[in-house]
Protein chains: 2
Amino acid sequence: MARPDKRSDIVGAALQIIAEQGFHGAPMAMIADKAGVAAGTIYCYFESKDILIKELYREIEGKMLEALREDYQTERPIRERFLHLGTRLLKYFVAHPLDFKYMEQFHNSPYGAALRRGRFAKESNVSHLPYPELFELGVAQQVIKDLPEVVLFALAFGPMITLTRDHILGFIELDDPLIEKTIAACWDGIKR
Amino acid sequence: MARPDKRSDIVGAALQIIAEQGFHGAPMAMIADKAGVAAGTIYCYFESKDILIKELYREIEGKMLEALREDYQTERPIRERFLHLGTRLLKYFVAHPLDFKYMEQFHNSPYGAALRRGRFAKESNVSHLPYPELFELGVAQQVIKDLPEVVLFALAFGPMITLTRDHILGFIELDDPLIEKTIAACWDGIKR
DNA sequence: GCCCATTGAATGACCGTTCATTCAATATAA
DNA sequence: TTATATTGAATGAACGGTCATTCAATGGGC
């Protein structure tokens, strides 16, 4: 009976195909094929394509948050914490381009819309980024501009997302020094 | 025989449905229905769904660039020109949310990937934003950080895109003062 | 009466999902 | 130990539904 963990073969195949071709470019038959199983087998592990997609999202999100929290020190100055999180995030994206592409696909789809709505309505037991607290604190300490959280978020994240996409598309080579310069520039955008 | 310009009825219906539901949530039959024509009629004006989609993109891009260039004065200081373009762009997005959503759908799809590839390879006769020149000049005058054009682009555009999405989703109300504060913060990100 | 824009039912391709069937591995009986 | 029964993971052909596209029929304008 073939490979020991078909489940992760399936998840891996789904990640690769969906990241590269989008949800509609990833028929179950194709995922099954790449995973080396039959189409029906996927349904032994996942109730539906929908559930496979959401599960995969949760797995990636978990890994990302773990990477972010590693070495994160709550007692350091705001600026340093921001730089830490930013560089971590950008480095994670660069190291895991498929994860990034998958998350983009997810967010730019009905799944992402539902997620956002849930988060906004605070129905979310969803694991949150450490950012909101950091911004709130920074504003209170008058280190960060007094702008709505959503705006600060956009100023900090927007560039990372755009830039990661450019990196993956090969328009630029994001090495460590450039990542640090970029995150520093993001800080200039939000700092007072 | 019904309305004088079925073509623009079709384009309008396609814009609305695709912007709100994505390409796969916009069957030709549904577009036809909303436009008040039969499915077959669309093919009198557009060879295929593909071509309809690309044409619609070009129309929107044209309107956007026009809005950007309006009142744009090449002889003003770099900073003011940047603020002008930024606020114009953000205001255009806020005033035309369907256009913004459509462009997002387009960019996050195989169409967008093809477009980017084309632009990068400079095969493009495609109309360009006035940004590259502005950044180049700013760097030369030592007003803007000495970072690759792609990075500056991300620092300036990333926040606008993220924020527009949040505005459209209702997470924040982007009025004129807030738009100006935001663009000013973007400037802080790229200025020396 | 002729032309041509318009119509919408029909076509064929594609896709997610189902389920009857297979068969290697394991348990049970002798 | 050997023969037999049971299990359930895995399979993949088949189903039902959706969708872009086609084209023969229609009817309004000249």
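So you know, we letter chains A, B, ... as the sequences are listed, proteins then strands, and number each from 1. Note that these values count all heavy atoms, side chains included, but never hydrogens, waters or copies made by symmetry. Remember, predicted model here, so these are calculated numbers, not experimental data.
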> In whole Å, what is the span from the CZ atom of A:Phe46 to the P atom of D:dA10?
Replying inline: 12 Å
> Do B:His107 and B:Tyr57 have side-chain atoms, one donor and one acceptor, less than 3.5 Å apart?
Replying inline: yes
> What's the NZ-P distance between A:Lys49 and C:dT17, to the nearest Å?
Replying inline: 8 Å
> Just how far, in rounded Å, is P of D:dA9 from CG of A:Asp9?
Replying inline: 17 Å
>> Considering every strand and a 4.0 Å limit on heavy-atom distances, what is the contact class for A:Ala32: base, sugar-phosphate, or nothing?
In response: nothing
> Considering only C:dG8, D:dC19, C:dG16, which nucleotide approaches the side chain of B:Ala39 most closely?
Replying inline: C:dG8
> Among D:dT21, C:dT17, D:dT11, which is the nearest nucleotide to the side chain of B:Ser48?
Replying inline: D:dT21
> Taking the side chain of B:Ala38 as heavy atoms from C-beta outward, which of C:dT7, C:dT17, D:dT21 is closest to it?
Replying inline: C:dT7
>> I want to verify a distance call: between C:dT17, D:dT21, C:dT6, whose nearest atom is closest to the B:Thr41 side chain?
In response: C:dT6
> Roughly how many Å is it from CD1 in B:Ile53 to P in D:dA20, rounded to a whole number?
Replying inline: 9 Å
> Quick one: which of C:dT17, D:dT11, C:dT6 gets closest to the side chain of B:Tyr45?
Replying inline: C:dT6
>> Whole angstroms only, please: what is the CD1-C1' distance between B:Ile17 and D:dC19?
In response: 14 Å
> Among C:dG16, C:dT7, D:dT21, which is the nearest nucleotide to the side chain of B:Cys44?
Replying inline: C:dT7
>> Measuring from the side chain of B:Lys6 (C-beta onward, heavy atoms only), which nucleotide among D:dT11, D:dA20, C:dT7 has the closest atom?
In response: C:dT7
>> For A:Glu61, is there an ion pair with A:Lys54 - N to carboxylate O distance below 4.0 angstrom?
In response: no
>> If we check ring-ring contact (aromatic ring centres under 6.0 Å, His included) with A:Phe157, which of these qualifies: A:Phe82, A:Phe93, A:Tyr131?
In response: A:Tyr131
>> Using a strict threshold of under 4.0 Å (side-chain N to carboxylate O), is an ion pair present between A:Lys191 and B:Asp188?
In response: no
> When the distance from CD1 of A:Ile51 to C1' of C:dT17 is rounded to whole Å, what number comes out?
Replying inline: 13 Å
> How long is the line joining CD1 of B:Ile42 and C1' of C:dG8, in whole Å?
Replying inline: 12 Å
> Roughly how many Å is it from CG in A:Asp50 to P in C:dC15, rounded to a whole number?
Replying inline: 17 Å
> Are the charged groups of A:Lys101 and A:Glu20 less than 4.0 angstrom apart, N to O?
Replying inline: no
> Looking at C:dT18, D:dG12, D:dT21, which one has an atom nearest to any side-chain atom of A:Tyr43?
Replying inline: C:dT18
